[in-house]
Amino acid sequence: MSRITEKVVNMYSSGNRKWTTQLLLLLPALLLMGIVYLGGLLIFGRYSFDMYDNGKLVRGWDLSTYRAFLSDPYYWKLIGNTFRIAFKVTAWSLLLAYPLAYFIAGLKKPGWKQFLLLLTFLPLLVSAVVRSYGWQLLLSKQGFMNWLFIHLGMTEEGFNMMNNETGVVIALVHIFLPFMVFPILNVLSQSDASLKAAAQDLGAGSWRTFFTITLPLSARGIASGIQIVFTLCLTAFTTPQLIGGGRVMTLPVFIYQRTLDTNWPMAAVASLFLLVSSVVVSLLVNKGAEWLMFRRSREGGRAHG
């Protein structure tokens with residue numbers, strides 16, 4: 001029995017592992033991705049060539065749904081609403097997440113760091129539906145936020161933060177903030193502290209050290225956070241539907257409504273457009289981060305030379 005075990009261990013060791021063995025190890029994940037993800041994409045792609053006529057689904061191979069989606073100003077307004085909300089949420093998440101991640105990374109006491117990390121990631125333990133309903137109670141006309149604003153003298157009747165874009169952005173920033181904090185915190189925690197010390201020894205102040213050392217080194221974390229949050233915002237459905245009250249139309253809400261109407265071709269086209277847009281934005285952000293890091297390394301090499 002020991003010889004058989006030894007043969008199995010030697011077969012799966014990194015030195016003796018063949019490409020067939022590596023393929024067998026990857027096969028379960030590849031099958032899952034192929035059936036669930038790629039299979040779903042193929043089905044959606046097939047539906048996108050069908051037609052929807054007088055409430056009925058007509059099978060065929062036609063590009064009329066694509067032409068209708070790309071030529072109608074209403075759909076482009078819908079796309080603009082979706083991207084505008086995603087940009088707002090991503091920008092506010094970055095502005096709030098970076099100082100928080102920078103502060104947590106600089107803490108010396110592990111207890112305080114773990115406590116702040118727990119507070120930051122605690123919202124992830126609650127479903128998006130529960131969090132959205134919680135924000136409904138906070139943002140409503142008689143909610144806590146308006147009660148606070150009235151008692152502070154900022155308004156007499158309260159602000160309208162429900163069933164509009166403002167409430168959706170506030171709720172989405174709260175929900176997606178941890179996804180921006182984590183990659184930035186990860187990069188800042190792994191950065192070499194000696195670089196900051198060397199810059200300060202050479203006479204650089206705190207702000208110059210931050211803009212020339214800390215911020216460029218954290219570019220990869222910022223890019224990862226932007227990719228995650230922006231993509232999640234583009235595909236968010238629960239919060240815009242509940243907080244927006246049907247008045248804030250985004251592509252995911254539109255896809256849901258067309259699915260209920262059995263207008264599957266239009267839902268498929270909008271879904272594919274959303275997928276392609278997410279991939280394109282992620283690639284652009286990734287290339288931008290690589291360009292910034294390359295530019296910084298080239299300028300550093302010239303300065304060193």
Side-chain angles (χ1 to χ4, degrees), residues 78-105 115-139 143-145 161-189 218-245 247-256 271 273-286 288-289:
L78 191 64
I79 295 169
N81 292 340
T82 306
F83 274 82
R84 183 176 65 251
I85 292 175
F87 277 119
K88 287 183 179 180
V89 173
T90 304
W92 279 109
S93 298
L94 180 59
L95 290 176
L96 295 175
Y98 196 95
L100 178 59
Y102 185 82
F103 178 77
I104 295 175
F115 176 72
L116 288 178
L117 285 175
L118 177 63
L119 290 180
T120 302
F121 296 105
L122 194 61
L124 297 179
L125 303 178
V126 184
S127 69
V129 177
V130 176
R131 283 177 286 179
S132 298
Y133 276 119
W135 275 107
Q136 280 186 334
L137 297 176
L138 291 173
L139 299 176
F144 173 77
M145 299 296 291
M161 294 179 288
M162 280 294 298
N163 301 328
N164 56 32
E165 190 174 304
T166 302
V168 173
V169 171
I170 293 174
L172 286 178
V173 168
H174 168 256
I175 292 173
F176 295 142
L177 184 64
F179 294 101
M180 184 70 77
V181 173
F182 180 75
I184 297 176
L185 177 61
N186 185 44
V187 173
L188 291 176
S189 300
S218 59
R220 177 60 60 186
I222 294 174
S224 299
I226 291 175
Q227 288 175 338
I228 295 171
V229 173
F230 193 87
T231 303
L232 290 175
C233 288
L234 284 181
T235 57
F237 163 74
T238 304
T239 302
Q241 176 71 5
L242 295 178
I243 304 298
R247 298 182 181 179
V248 180
M249 285 296 297
T250 61
L251 277 178
V253 176
F254 172 79
I255 293 169
Y256 171 74
S271 300
F273 180 88
L274 198 60
L275 174 63
V276 173
S277 301
S278 302
V279 173
V280 170
V281 171
S282 298
L283 290 176
L284 290 176
V285 172
N286 192 42

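What's counted below: heavy atoms across the whole structure, side chains too, no hydrogens, waters or symmetry copies. Heads up: numbering here begins at 1 and tracks the sequence.
With hydrogens and angles ignored, the 3.5 Å screen pairs a side-chain donor or acceptor of Asn164 with a backbone N or O of Gly167.
Here the shortest heavy-atom pairing between Ala86 and Thr90 reads O-OG1, 2.7 Å. Minimum interatomic distance between Pro240 and Thr250 (heavy atoms only, all atoms of both residues): CB-OG1, 4.1 Å. Residues Thr239 and Ser132 share a closest heavy-atom pair of OG1-OG, 3.0 Å. Across all non-hydrogen atoms, the minimal contact from Met145 to Leu139 is CG-CD2, 4.1 Å. In plain terms, the two heavy atoms of Glu165 and Val248 that are nearest each other are N-CG2, 3.7 Å.
The CG atom of Leu251 sits 5.5 Å away from the CD1 atom of Ile79 when rounded to the nearest 0.5 Å. How far CG of Leu94 is from CD1 of Ile226: 5.5 Å, rounded to the nearest 0.5 Å. Here the CG-CG distance, from Leu100 to Leu119, works out to 9.5 Å after rounding to the nearest 0.5 Å. Distance CD1/Ile243 to CZ/Arg131: 11.5 Å, rounded to 0.5 Å.
Note on ring orientation: taking the six-membered ring where Trp is involved, the planes of Tyr98 and Tyr102 are parallel (angle under 30°, cut-offs 30° and 60°).
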Evaluate side chain to side chain contact (heavy atoms under 4.5 Å, CB included) for Arg84 paired with Phe87, printing each intermediate quantity in order. CA-CA 5 Å; Arg84 183 176 65 251; Phe87 277 119; 5.8 Å; no
When you look at Thr120 and Ile104, which way does the side chain to side chain contact (heavy atoms under 4.5 Å, CB included) test go after all the steps? CA-CA 10 Å; Thr120 302; Ile104 295 175; 4.1 Å; yes
For side chain to side chain contact (heavy atoms under 4.5 Å, CB included), just list the numbers for Thr166 and Lys88, CA-CA rounded to whole Å, side-chain angles, deciding distance to a tenth of an Å, and then say yes or no. CA-CA 10 Å; Thr166 302; Lys88 287 183 179 180; over 6 Å; no
Going through the distances and angles, do Thr82 and Phe254 end up as a side chain to side chain contact (heavy atoms under 4.5 Å, CB included)? CA-CA 10 Å; Thr82 306; Phe254 172 79; over 6 Å; no
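By the neighbour-count criterion of 12 heavy atoms within 6.0 Å, atom CZ of Arg247 is sparsely surrounded, having that number or fewer from other residues, nucleotides or ligands. Dense packing is recorded around CZ of Phe121, with more than 12 heavy atoms of other residues, nucleotides or ligands lying under 6.0 Å away.
Residues passing the side chain to side chain donor-acceptor pair (under 3.5 Å) test with Ser93: none are found, sequence neighbours excluded.
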I'd like a table of donor-acceptor pairs (distance under 3.5 Å, sequence neighbours excluded) in which one partner is a side-chain atom from residues 171-189, with atom names and distances.
residue, atom, partner, partner atom, Å
His174, ND1, Trp135, NE1, 3.0
Asn186, OD1, Gln190, NE2, 3.2
Ser189, OG, Leu185, O, 2.7

Below 3.5 Å, can you tabulate the donor-acceptor pairs from side chains in residues 227-234 to any protein atom, sequence neighbours excluded?
residue, atom, partner, partner atom, Å
Gln227, NE2, Ser282, O, 2.7
Thr231, OG1, Gln227, O, 2.7

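Counting only heavy atoms from C-beta outward, the side chains of Ser277 and Phe273 approach each other to under 4.5 Å.
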